[in-house]
Structures are given as structure tokens and as C-alpha cells.
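Before any comments, here is the structure.
Just so you know, these numbers come straight off a predicted model, no measurement behind them.
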Amino acid sequence: MTASPIQALQQQRLLLQLEYETEKEAFRQQAQQTGMERKVKRGDAWWPVKCSKSYYNSLNQLAIEVIRSTDTDIEHNFEFGRPVAFFRIDTREGAIHHFRYTGTVSYVDGDRMVITIPDGTSIIDLQSAEGLGVQLSFDETSYRLMMEALDRAIKGKGRLGELRNLFYTPSKPSASSPSGRSGGVSTFVFPSMHFPYLNQTQEDAVNMVLRAKDVAIVHGPPGTGKTTTLVEAIRETLMRESQVLVCAQSNMAVDWISEKLVDRGINVLRIGNPTRVNDKMLSFTYERRFEAHPDYPHLWAIRKAIRDLRSHRKRGDEKFHQKLESLKSRATELEIRINSDLFGEARVIASTLVGAANRLLDGQKFGTLFIDEAAQALEAACWIPMRRISRVVLAGDHCQLPPTVKSIAALKAGLGKTLMERIVETHPEAVTLLKIQYRMNDDIMRFSSDYFYGGEVESAPEVRYRSILDLDTPMTWIDTSQFELPADSELTFKEEFVGENFGRINKAEAEVTLLALQHYFNRIGKQRLLDERIDVGIISPYRAQVQYLRRLLMKREVFKPFRRLISVNTVDGFQGQERDVIVISMVRSNDEGQIGFLRDLRRMNVAITRARMKLIILGDAPTLTRHPFYRQLWQYIESLQEK
């Protein structure tokens, strides 16, 4: 007997609780056992830092600027909305002393971070602290908001209840049509629209979005123009609705879609701050727009008067409360007016899924919710904005990166199954697969298309034969088991394990990875590389290998002229990106054939589909080809050599 929608969501809630407890315990253990140096190297802490100016931001939050002074080349994990804790290290004793409150990252720009802290915090204590640092804190808020969203969906009546029942059952509920509802959803049937700059499957996807009364899914394999399609669907929806809500799992994905919408002349109001702090991105944030409003200087003056009144309160001042309430009511009135103007002008409200719980959106309703990168979001996160809408459009690819789940038990029990996957199964009629890709040489694309998409993805004619060198094979697998190391070498092609949660490393393979790239560069020629700005991505699934490769790359003089053209990152770090040349260091090499999380084939689908013209894989074939996927990949690449 299949579970009812309510039972299925109750099960989700139990699994989310298990994930919460697992992550919290892992965070606690890591906090106790991991040295500060390791945290800094992992990008989870900045130390030492200096606190510079403090001020009240436009949202009336106390903010302080933090400047990182060392290890500035290390990539970090700080971004808008993440909770952080301050600490100081006593250099004589080596003891770590934590400040008792947490702050929230407002934005990060290079080596400068702005953190909002509780009102009344002693700024002097932070500014004068010796050995001050800041580290990521456990994110309770996201879990709380996801739990609350699931509770709402479980109890949901009206439209929320209808959508819940629809998503979990194959038969369409009779009450699922939003015909005649407020919220501005079109319900009439209209002929298909034609868009000269979209291909047929992109056009079909936009038309399906426009016709959908409940749900539509845009399934976009790598390079198929999912963002282009989604932007067009949003633009056309805005011809029929006054405003839409656009969300994504990550700040980066929200930034990306927001930027594309702004480029099309659409007024976007971004709730939260972008990951890339530049004037273009900041110009459509709520905070900047709020500060730019003509009423803002008046509001700022009133808020300052409130703070002055509180700090200079005289004993026995009978009119204190009267003055305070009068000022507060004037401030509230101005805030409401500014908000009303900002939300009234905006056609698109954009935020992360968790950010959709922001109090600024209280009372707001939307006809349509668009969720980009929906296949990377936990289902519970998708329910956060769902209470505000009448219908939903999900875009993404459930054959690429999945959501991150730390609890193995919760993962096995189904927490990793996304809302998008669920709807693809229950309502295949709501899905449009984008079938023409514009990124890769056909030989690179073909394996992914056959293995993950039933052979349905085709290459656009203009990219089918793209290559850097004539008569070059677009995919190469260098089998590291065939290499002989010098007798006096301390290196070995066997993987090594480094540090708790830090992963594996294969130093000899890293050396050969850079040798392979150097050899390929020699074939292309220095001048052509620089003139044509041929860019390269070096990918490894393991973070330790990524950091080791970065260090090696910095030491190699031969790569010095090309530093700006080469980036090294994990698979997750390359999500949504592409390069002319991709080199993948697989790391795993052992006698048992153990490949760990390389068994997550969706991750490998992302890795092998980043390359436009050349893909070079380095890996121990005897270890990897025990798995059927890698055996097929090996055989496919071998067949290309024989062409």
C-alpha cells in the first residue's frame, strides 16, 4: 500500500530531523577535533582578522566589517545568510575563547566581509581583540524553516493542500485547476507561441510553462540552454501576470538567473546579497534599492534619533516612552511606504529557497513560482516558498548534482529524492526535455546523452565538430596504472587518505595531470593559447587533490603565462560552468577496486560535460573499470581512438 501524501511528508520530516541531528553532531565533533589551521585551509574560518568600521545598515541591523589579513588565496565557504561566530586565540596559551553571540554574513567581497551582529554588542571588544577570528557556525535557521514548511504542507488546506496531493499522486485531483483564482494565473487555452531565437524543444518548454495550471518541469541536460529557456518563460509569464517569484537553492544560482533577467530589461528585486559583489549585481538588491529611495534619508534620521534617545535617556523622563513610540510609528510608516514602492515596481522577486521565508515577503502572494536548479534542492526547501503561490515551474537536471545529504541512513531512506524527481515520476506529462546542446563536441556529448538521457540529446550543428587541434580525439583517458615511476621516487600512484572529512589525494597522479596538460599546451602553442584565450578547468572529485593541484600549479613556471586561463576546483565548484579543455584527476587507485563516492554517477556526468572541445581523464583503469559505468566510459573512449 502506497503512503498518502501526508504520510510521505511526515516521513520526509523524520528524515530531515535525522539529517539535522547528524549534521549538528558532525559539526560539534569537527569543532572540537579540527585545529584552527585546518579550518582556515578548509575555508571554514578566517584567522587572524581585523574589525574595521561598524554601522547600522539600511535594514537597521548593526553591521561590522571584517578584513582577512593572511591566506587570502584560500577559497572560503562564507556567503550571504550563513551564521558565523567570533573567537580569539590567546597566542601565549593557545586557548580559543568564543564570543557568546552569533552573527550573520551580509556579504563577502574578496578579503572583506560584512557581518550583522545583535544590537547592543560591544564593538570595542571586537575591534580591540588580539588574535581575532571568525568561523562558520551551525545553520539552525535553515533546518527550522524547512521543518516549518513541511508542517505547513502536511496541514495545508486550499491551494497548498491541492499542490501537495497533486505532487504525490499520479491522478490529477479534480480540484487542482486554479481557474478563477486570484493571483493572476492565466487559465485560458491559447495557440502555441513561436520564438525565432529558441529551438523547437526550448519553444515547447516555454509553451508548456504558459499553459500549465499547476506544475511544469523544464529538464535541461548540460549545455541545452536551460537558463535561456527559463528567462523566456519568465518574460512571457510576466505578459500575463504582474509579478513572479524566482528562487533557487544557492545564492550563486539566484544571482545567475537575476543577472540574465536584468539583461533582458526586467525589474528584479533581489532579497539578500549576491555572491559576486559588483555594482551591477548590487544594483538590484533590496538593500541598495532601499537606500536609494528618496524617503530613506528621512527614515535614517528618525532611526538615529531613536538610538540617541535610548542612549541618552534621563532618569525620571516621563515623556521618554511617548517620544519613543512617536518616532517608532513614524519610522514604521516610512518603512511600509518604501517597501510598498519597491515591491510595487518590481516584476520579479528573487531569493534563495530559504530566503523566501524573509519577513519582507510576509503577506505577499504570487501567481507563479519558478525554481531554478530544482534538482539540487531538498524537497523540504522547495516547500518554503510554496505557501505564497498558485502554480510552480521547476527547472534543472536530476541527472546532474544531487542535493547534499550528510546522513547515510536518511539518504538511503529517500531524503535525497527531490521534489523535481518526484514530479517527473508522477507527472511525466508535465516534463519537457531540452534536446539540443550548444556546448560540446559531439563525441564528448554522445556518451552522456546515451547513458543518462536515452540518447535523446543531440549536438547543434555549429558545435558538433568543434576542436582545438585538427584530427584530435576529443576524449582521452590516461591510465595511470601504465606509468613507471623512477626507482628513487618517493611518490606512488596509490591514493592516500588525508584528514577527517577532507578526502583522498594521489600525488603522483597530480604530477601526471599537470604533465598531460603541459604536453597538450605544447601541441597548441603558447601564442595561440594566449591569443584565443583557450581556457582550462582542472577538476577532481576530492578537495584535498584540488588543493594539492593548486599548489603544484603555482610552482610550475611553465604555466605562469596561462594562470588566468586555468581554474582548479571540485565537481561542485564547476556546476553550471564550461571550459575549452577539461582535465579530470580521478584519484582513486587501490587493489580492492574501491571508488567511494565516485559511485555517484550524477557527479561524474557533471564533470565529463564541462568540456567544449577536449576532455582528458586521468585515472587508474584497473580500479575504476570494475564499476560498469567507468568500464563503459573506458570502452567508449577506446572506440574513439579507433575512429
Side-chain angles (χ1 to χ4, degrees), residues 221-222 375-376 397-408 411-412 416 444-445 447-453 475-483 492-514 516 537-550 568-577 579 582-611 615-638:
Q376 276 185 267
D397 181 11
H398 48 284
C399 302
Q400 290 189 64
L401 287 181
T404 304
V405 177
K406 302 273 173 68
S407 163
I408 305 296
L411 187 65
K412 284 182 176 169
I444 297 174
M445 182 278 304
F447 180 81
S448 172
S449 175
D450 290 347
Y451 196 95
F452 293 98
Y453 308 103
M475 291 174 86
T476 310
W477 183 323
I478 297 170
D479 178 9
T480 54
S481 71
Q482 300 301 307
F483 278 82
T492 164
F493 276 106
K494 290 287 181 240
E495 65 192 66
E496 298 171 52
F497 189 71
V498 289
E500 193 68 30
N501 297 326
F502 205 57
R504 290 162 200 273
I505 194 167
N506 189 325
K507 291 180 178 176
E509 184 176 289
E511 297 277 357
V512 175
T513 299
L514 294 188
I538 303 176
I539 300 178
S540 179
Y542 292 94
R543 201 151 81 179
Q545 186 80 344
V546 165
Q547 295 209 352
Y548 187 71
L549 279 161
R550 281 181 185 154
V568 189
N569 218 327
T570 58
V571 182
D572 298 52
F574 272 103
Q575 168 74 355
Q577 298 187 39
R579 297 288 188 276
I582 288 288
V583 188
I584 307 173
S585 169
M586 303 288 274
V587 175
R588 300 309 295 255
S589 172
N590 53 69
D591 298 332
E592 299 77 40
Q594 294 292 328
I595 61 168
F597 82 113
L598 294 191
R599 287 195 303 268
D600 186 346
L601 305 182
R602 292 175 292 184
R603 244 183 187 83
M604 204 37 59
N605 185 33
V606 172
I608 64 176
T609 55
R610 301 303 96 195
L615 174 67
I616 303 169
I617 296 171
L618 290 102
D620 183 277
T623 301
L624 294 162
T625 55
R626 291 197 209 179
H627 189 287
F629 170 83
Y630 294 101
R631 186 160 59 250
Q632 274 179 252
L633 180 60
W634 169 264
Q635 288 164 351
Y636 174 78
I637 293 172
E638 287 286 287

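Interatomic distance, CG of Asn590 versus CZ of Arg504, reported as 7.5 Å (0.5 Å rounding). The distance from the CD1 atom of Ile608 to the CG atom of Leu615 is 7.0 Å, given to the nearest 0.5 Å. Atom CD of Gln376 is separated from atom CG of Asp572 by 7.5 Å, given to the nearest 0.5 angstrom. Note: Ile444 CD1 to Thr609 OG1 = 10.0 Å, rounded to the nearest 0.5 Å. A distance of 8.0 Å separates CG of Asp620 from OG1 of Thr625, quoted to the nearest 0.5 Å. Here the NZ-CG distance, from Lys507 to Leu549, works out to 12.0 Å after rounding to the nearest 0.5 Å.
The shortest side-chain heavy-atom distance between Asn569 and Arg550 falls under the 4.5 Å cut-off. Side-chain contact between Arg588 and Phe597 is absent, with no heavy atoms from C-beta onward closer than 4.5 Å. When side chains are defined from C-beta on, Leu633 counts as touching Phe447, because their heavy atoms get closer than 4.5 Å. Counting heavy atoms from C-beta outward, Trp477 and Glu638 have side chains that stay 4.5 Å or more apart. Using a 4.5 Å heavy-atom cutoff, the side chains of Met586 and Leu618 are not in contact. Using a 4.5 Å cut-off on side-chain heavy atoms (C-beta onward), Phe493 and Val512 make contact.
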Open item on the list: What verdict does the side chain to side chain donor-acceptor pair (under 3.5 Å) test give for Asn506 and Gln545, after you've listed the backbone C-alpha separation in whole Å, the side-chain angles of each residue and the deciding distance to 0.1 Å?
Closed with: CA-CA 7 Å; Asn506 189 325; Gln545 186 80 344; 5.6 Å; no
Decide side-chain contact (heavy atoms from CB on, under 4.5 Å) for Leu514 and Ile538; before the verdict, give the C-alpha distance in whole Å, the side-chain angles of both, and the deciding distance to 0.1 Å.
CA-CA 9 Å; Leu514 294 188; Ile538 303 176; 3.9 Å; yes
- Apply the test side-chain contact (heavy atoms from CB on, under 4.5 Å) to residues Tyr630 and Ile595: give CA-CA distance (whole Å), side-chain angles for both, the deciding distance (0.1 Å), then the verdict. CA-CA 10 Å; Tyr630 294 101; Ile595 61 168; 3.8 Å; yes
Using side-chain contact (heavy atoms from CB on, under 4.5 Å), reason through Glu495 and Ile505 one step at a time and then give a plain yes or no. CA-CA 6 Å; Glu495 65 192 66; Ile505 194 167; over 6 Å; no
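Across all their heavy atoms, Asn605 and Ser448 have their closest contact at OD1-OG, 2.7 Å. Of all the heavy atoms in Val568 and Val546, the pair that sits closest is CG1-O, 3.8 Å. Taking all atoms of both residues into account, the shortest heavy-atom contact from Arg602 to Pro402 is NH2-CB, 3.2 Å. Pro622 approaches Asp479 most closely through the heavy-atom pair CD-OD1, 3.8 Å. Here the closest non-hydrogen pair linking Val587 and Ser540 is CG2-OG, 3.4 Å. The shortest heavy-atom contact between Pro222 and Asp397 is CD-OD2, 3.8 Å.
Checked by atom type and distance alone, the side chain of Ser585 never pairs as donor or acceptor with a backbone atom of Ala510 at under 3.5 Å. In terms of modelled atom types and a separation under 3.5 Å, the side chain of Gln577 and the main chain of Arg610 share no donor-acceptor contact.
Checked options Phe629, Phe452, Tyr451; the residue passing with Met604 is Phe629 (criterion: side chain to side chain contact (heavy atoms under 4.5 Å, CB included)). Considering Thr513, Ile617, Ile616 in turn, Ile617 is the only one that fulfils the side chain to side chain contact (heavy atoms under 4.5 Å, CB included) rule with Ile584.
A salt bridge links Asp591 and Lys494; the closest N-O separation between the charged side-chain nitrogens and carboxylate oxygens is under 4.0 Å.
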